[in-house]
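One structure is given here, and the rest of the page talks about it.
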Amino acid sequence: MTRSRYSSVAITLHWAIALIIIGNIIGGLVLDTFLDSADPAMKMTGFKIIQLHKAFGLTVIGLTLLRLLWRLANPAPELPGHMTPFETLLAKATHLGFYALMLLLPLSGWAMVSASAKRFPISYFGLFDVPYLPIGQSQTIGGLTHEAHELLGYGAIVLIALHVAAALKHHYFDRDDVLARMLPLVRPRGR
C-alpha cells in the first residue's frame, strides 16, 4: 500500500528538527555580536546562547538518528508522477543532503568544542555535562572544525531555502499535495 502522507511521527520529527536547526542557525549568526560586546551582560547572554546552541545541536543528533530509524521502517510517500527525472533526482539529493547536514553540522560543532583550548563544559540544558569527543585539544583541528561548522551552517541555509522554494512550487504552481502531506493537521487535497 502506498502512503499518501507522512506519519504523525515523521511530521513531528521533521518540524522539531527544522525549528531547532533554524533557531541554532539564528543563534550562531548573532552569537559574535554578544560575545564581542564590551558589555558584561551582553557577554553573559552570548554565553547562554552558546550553551543552548550546543544542547540543541546535540538534540538534533539524537532526533536525526531517531528519524533515520523511523524512515527505514516507514518509507516516505512516493513523489508525484508529474515530476521530471531531474526534479526527482534533486528532491532525493536534497533529502540526502539534509540527513548529512543534520548529523555533520552538530558533530562538527561538538568536535570544534572538543578540540578547543578553552574547554567550557558542554552542558545539556543544565541537566548533565556531555563528554568531549576523544580528539584531543588542537588548534589545527579546532580551526578546521570551526571552518567546517560554519560552512555547513551556510550550506544548511541554502538547502533550507531550496527546500522551502520547492515546497511552495509544489503547492502553488504544481498544485499537488507534497507540502500538505508534511503539514500537521492538513489533509492532502481530495482526501
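Starting from 1, each residue takes its place in the sequence as its number. Model, not experiment: these values are computed from the prediction.
In this structure, M182 and W15 approach most closely via the heavy-atom pair O-NE1, 2.8 Å. Closest heavy-atom contact between I25 and A156: CD1-CB, 3.9 Å. Of all the heavy atoms in A115 and G142, the pair that sits closest is CB-N, 3.6 Å.
W110 and T145 form no side-chain donor-acceptor contact under 3.5 Å, judged by distance and modelled atom types alone.
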Pairs under 3.5 angstrom only: tabulate donor-acceptor contacts from the side chains of residues 120-137 to other protein residues two or more places apart or in another chain.
| unit_1 | atom_1 | unit_2 | atom_2 | d |
| --- | --- | --- | --- | --- |
| S123 | OG | G126 | N | 2.9 |
| Y124 | OH | T59 | OG1 | 2.7 |
| Y132 | OH | R119 | O | 3.2 |
| Y132 | OH | F120 | O | 2.7 |
| Q137 | NE2 | S116 | O | 3.2 |
| Q137 | NE2 | A117 | O | 3.4 |

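In this structure, L52 and N24 have side chains that are not in contact, with every pair of non-hydrogen atoms separated by 4.5 Å or more. Side chains of L68 and L103 form a contact here, defined as non-hydrogen atoms less than 4.5 Å apart. Put simply, the side chain of D174 reaches to within 4.5 Å of the side chain of K169, judged on heavy atoms. With contacts defined as side-chain heavy-atom distances shorter than 4.5 Å, the pair M44/F34 does not qualify. With a 4.5 Å cut-off on side-chain heavy atoms, P80 and V178 count as touching. Contact check for H170 versus R175: no side-chain heavy atoms found under the 4.5 Å cut-off. Looking at heavy atoms from C-beta onward, L29 lies in side-chain contact with Y154 at the 4.5 angstrom threshold.
When each of I21, I20, V60, L58 is tested with P106 by the rule side-chain contact (heavy atoms from CB on, under 4.5 Å), just one qualifies, namely V60.
For F98 and H163, the ring centers sit closer than 6.0 Å to each other.
Hydrophobic cluster membership is shared by I160 and I26, with clusters built from Ile, Leu, Val, Met, Phe, Trp and Tyr side chains linked at under 4.5 angstrom. Put simply, I49 and I22 are part of two different groups of oily side chains (I, L, V, M, F, W, Y) that touch within less than 4.5 Å, one to the next. L31 and F56 fall into different hydrophobic clusters, where Ile, Leu, Val, Met, Phe, Trp and Tyr side chains are chained together by heavy-atom contacts under 4.5 Å. Under the 4.5 Å side-chain contact rule for hydrophobic residues, I157 and V30 do not share a cluster. Following chains of ILVMFWY side-chain contacts shorter than 4.5 Å, one can reach I17 starting from V164, so the two form part of one hydrophobic cluster.
Residues passing the salt bridge (Lys or Arg N to Asp or Glu O under 4.0 Å) test with K43, sequence neighbours excluded: none.
Q51 places no side-chain N or O within 3.5 Å of a backbone atom of K48 that could act as its donor or acceptor partner. Between the side chain of W70 and the backbone N or O of L13, no donor-acceptor pair lies under 3.5 Å. Using a distance-only test at 3.5 Å, with no hydrogens or angles considered, a donor-acceptor pair links the side chain of R5 to the main chain of A180. Looking only at distances, a side-chain donor or acceptor of S108 sits under 3.5 Å from a matching main-chain atom of L105. Listed for the H53 side chain is no donor-acceptor partner under 3.5 Å among the backbone atoms of G27.
Rounded to the nearest 0.5 Å, atoms CD1 (I61) and CG (L66) are 14.0 Å apart. To the nearest 0.5 angstrom, M102 atom CE is 12.0 Å from L107 atom CG. The CG atom of L79 sits 6.5 Å away from the NZ atom of K92 when rounded to the nearest 0.5 Å. With rounding to the nearest 0.5 Å, the separation of NE2 in H146 from CE in M112 is 5.5 Å. Distance CE/M42 to OG1/T45: 7.0 Å, rounded to 0.5 Å. If you take CZ on R67 and CG on L69, they are separated by 12.5 Å, rounding to the nearest 0.5 Å.
Within 6.0 Å of atom NE2 in H14, more than 12 heavy atoms from other residues, nucleotides or ligands are found, so the atom counts as buried in its surroundings.
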